[in-house]
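Written out below as structure tokens is the structure these notes cover.
Along the sequence shown, residues carry numbers from 1. These numbers were taken from a predicted model, which means no experiment stands behind them.
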Amino acid sequence: NLSDKTKEKLKQPFHKIICIEKLDVVYFLPRTDIYDGNLKFSAERNDEASFRRAVQFRQNDSVQPDRFLKDIHLIVGILPRCGVERNQFIEISFRIFARHYAVHLLELFHQIGFDVQTAGRIDDQDVCLFRLDRRAVGKISLLTAVFYFSAYFYRFFTLGYAHDSLLIDQSIDMTWQIQLGRFLQPVYLLFRGDIAVPYLIGLLAYLYLAAAICLVVDLLSLSSTLSISLVCMALCANTTLTRLHGTFHMMADSYMLALLLSVLCVFVAVRLRHGVWLAPVLLCGSAALYQSYVPVATVFFLILLVHHALDGFSFRALLLRGVRYLGVLIAGLVFYSLCLRVVYALTGQTAADSYNGMAGMGNFEGYSIVDLLRRAYLFPFEKMARPQTAFPRAAAAAYGLLLLFSLAAVCYLLHARRIALPCAALTFVFLLLVPFGADFIYLLSKGMVHDLMIYAFFFCAVLPISLADRLRPPA
């Protein structure tokens, strides 16, 4: 006959019988659903994260029904990579095993441990900073190269330059750039060196542009090759870049770096939990290279807010996101203004009082702010209605169709996904703000806007393309 003590031991799980405690440090699988009779508190249902990615379950055998160790082939199973968050959801928990130790609570103090939150669903915020794999990055880079070099390759090997692009000897007046508020231009050229060969400048511009498009595709989670191709085409071949390579080619790479920093500002603010501290610095860097790419960040934030609403964010969550993004923009512009004052004080320079200078920025004396707001809002529509292309009517019709499609797609998706009325109303507010977000430079400069300053207008094409990608049936 077995003694009572032996019977009690035989009732325990196998790993208890052989005196092996659970290896908390090297446990490779989440233990929230171990099937050996352990009842966990409801507060612990998201605890016990494992080391790597929570992507797939192998064959529905993520538990140990026979109380033995998990199958050895589960080594490549459920491995969250980066869903464990530091300094949050850490708690001390008592694990009460109802069948085995219900009356021996005092003996269980050795079971007290620190738990951390599991990865949750794959799309949780901060699960992964950059989600594109190497193949996707290669595809985007190739498509960007196709459209970019098809449009501007001839400019790299021709002497048909005009305006300031005749200064291919890099004789750029850095003092003038500082007076225009572009105080990072001298710093960038110091690191880049005196490159005068047009195709090398074009190659650098391409690399910055391709990196920016990768971030755009990643944030919008575009999946189809057609959608990615259309984004590459819209951001590569447009009036702003055509004028840039035709008249300011020697600064094309620094302008594309300004675009990259503006997009990176949005990427950091969205993907990093504390990105609101770094994002304004990136936006300041973009403005210090060329101020007219700051509206790209504004438009991108508004597009993302529309997508957040379509993803089912609550009204409160949308408001908080909107305030967060607005705070990043304001902080970036304030930080840029402070840095500009410091640069002027250190260099002894003053803001240029010219048509594109900073001296009159913010001075609205003699101007009607209401009239400026109205003109700033309508100016993007006027540019799209009278595009400076070889086929203006066809281009204007295409822009009109994109606008109508965007409105129709948003209405359809809001209805199909049963978005609450307050969230739907807030979505249309974001849509209505897009034209002003793309052209608020018009207000600050009191109407002094030219083709090099309207890249954000063409960035708006990302909205209908991303909406069309959402309308695709799931694979």
Side-chain angles (χ1 to χ4, degrees), residues 137-138 140-216 229 231-264 285-293 296 356 387-390 449-459:
V137 172
I140 295 169
S141 302
L142 178 60
L143 290 170
T144 303
V146 169
F147 291 108
Y148 180 78
F149 290 115
S150 296
Y152 313 115
F153 187 78
Y154 76 101
R155 292 311 249 166
F156 306 152
F157 300 97
T158 180
L159 296 179
Y161 295 103
H163 205 248
D164 288 12
S165 281
L166 294 173
L167 302 174
I168 60 174
D169 60 348
Q170 283 298 118
S171 58
I172 303 174
D173 187 352
M174 291 297 102
T175 300
W176 177 244
Q177 294 298 320
I178 293 176
Q179 292 176 352
L180 291 177
R182 305 165 194 171
F183 56 85
L184 281 187
Q185 288 277 0
V187 179
Y188 171 70
L189 293 179
L190 178 66
F191 281 95
R192 190 198 71 177
D194 292 332
I195 298 176
V197 181
Y199 65 81
L200 291 180
I201 297 175
L203 181 60
L204 285 174
Y206 156 73
L207 293 176
Y208 297 143
L209 180 59
I213 294 176
C214 284
L215 297 178
V216 171
S229 300
V231 168
C232 293
M233 181 178 66
L235 300 186
C236 289
N238 52 65
T239 302
T240 297
L241 293 193
T242 301
R243 293 298 182 99
L244 173 62
H245 287 287
T247 61
F248 286 88
H249 178 74
M250 76 289 187
M251 304 180 71
D253 57 329
S254 60
Y255 283 22
M256 290 300 95
L257 180 57
L259 170 65
L260 174 59
L261 291 178
S262 184
V263 174
L264 189 59
S286 176
L289 287 169
Y290 193 60
Q291 299 92 334
S292 295
Y293 287 94
V296 172
N356 58 347
Q388 297 177 349
T389 65
V449 176
H450 52 75
D451 287 342
L452 291 178
M453 302 170 63
I454 62 171
Y455 187 86
F457 294 7
F458 304 101
F459 193 89

Could you check whether any side-chain heavy atom of Leu204 comes within less than 4.5 Å of a side-chain heavy atom of Met256, counting everything from C-beta outward? no

Which label fits Phe149 and Phe156: parallel for a plane angle under 30°, tilted from 30 to 60°, or perpendicular past 60°? perpendicular

To check you understand the geometry: which heavy-atom pair defines the closest contact between Ser286 and Tyr293, and what is its length? OG-CB, 4.0 Å

Of all residues at least two apart in sequence or in a different chain, which pass the ring pair (Phe, Tyr, Trp, His ring centres under 6.0 Å) check with Tyr148? Tyr152, His245

Check: Ser292 and Tyr255 side chains under 4.5 Å, non-hydrogen atoms: no

Just checking, any donor-acceptor pair under 3.5 angstrom between side chains of Asp253 and Tyr188? yes

Interatomic distance, CG@Leu189 vs CE@Met250, rounded to 0.5 Å, equals 10.0 Å

Gap separating the CG atom of Leu143 from the SG atom of Cys236, nearest 0.5 angstrom: 9.0 Å

Distance, nearest 0.5 Å, that separates CG of Leu203 from OH of Tyr208: 10.0 Å

Rounded to the nearest 0.5 Å, what's the gap from CZ on Arg243 to NE2 on His450? Could you check? 10.5 Å

With heavy-atom distances below 4.5 Å as the criterion, would you say the side chains of Leu184 and Gln177 are in contact? no

Looking only at heavy atoms, which two atoms of Ile140 and Cys214 are closest? And how far apart? CG2-SG, 3.7 Å

Atom CG of Leu289 and atom CG of Leu259: how far apart are they, to the nearest 0.5 Å? 11.0 Å

Identify the two heavy atoms, one from Arg155 and one from Pro198, that lie closest to each other, and give their separation to 0.1 Å. O-CB, 4.3 Å

Which class fits the ring pair Tyr455 and Phe459: parallel under 30°, tilted 30 to 60°, perpendicular over 60°? tilted

Qualifying residue, where the test is side-chain contact (heavy atoms from CB on, under 4.5 Å) with Val263 and the options are Leu215, Leu235, Leu209, Ile213: Leu215

Would you name the heavy atoms of Arg182 and Pro186 that are closest together and state the gap between them? O-CD, 3.7 Å

Within the 4.5 Å heavy-atom criterion, are Met251 and Tyr290 side-chain neighbours or not? no

To the nearest 0.5 Å, what is the distance between CZ on Phe248 and CD1 on Ile201? 13.5 Å

When you measure from the side chain of Ser262 to the backbone of Ala258, do you find a donor-acceptor pair of N or O atoms at a distance under 3.5 Å? no

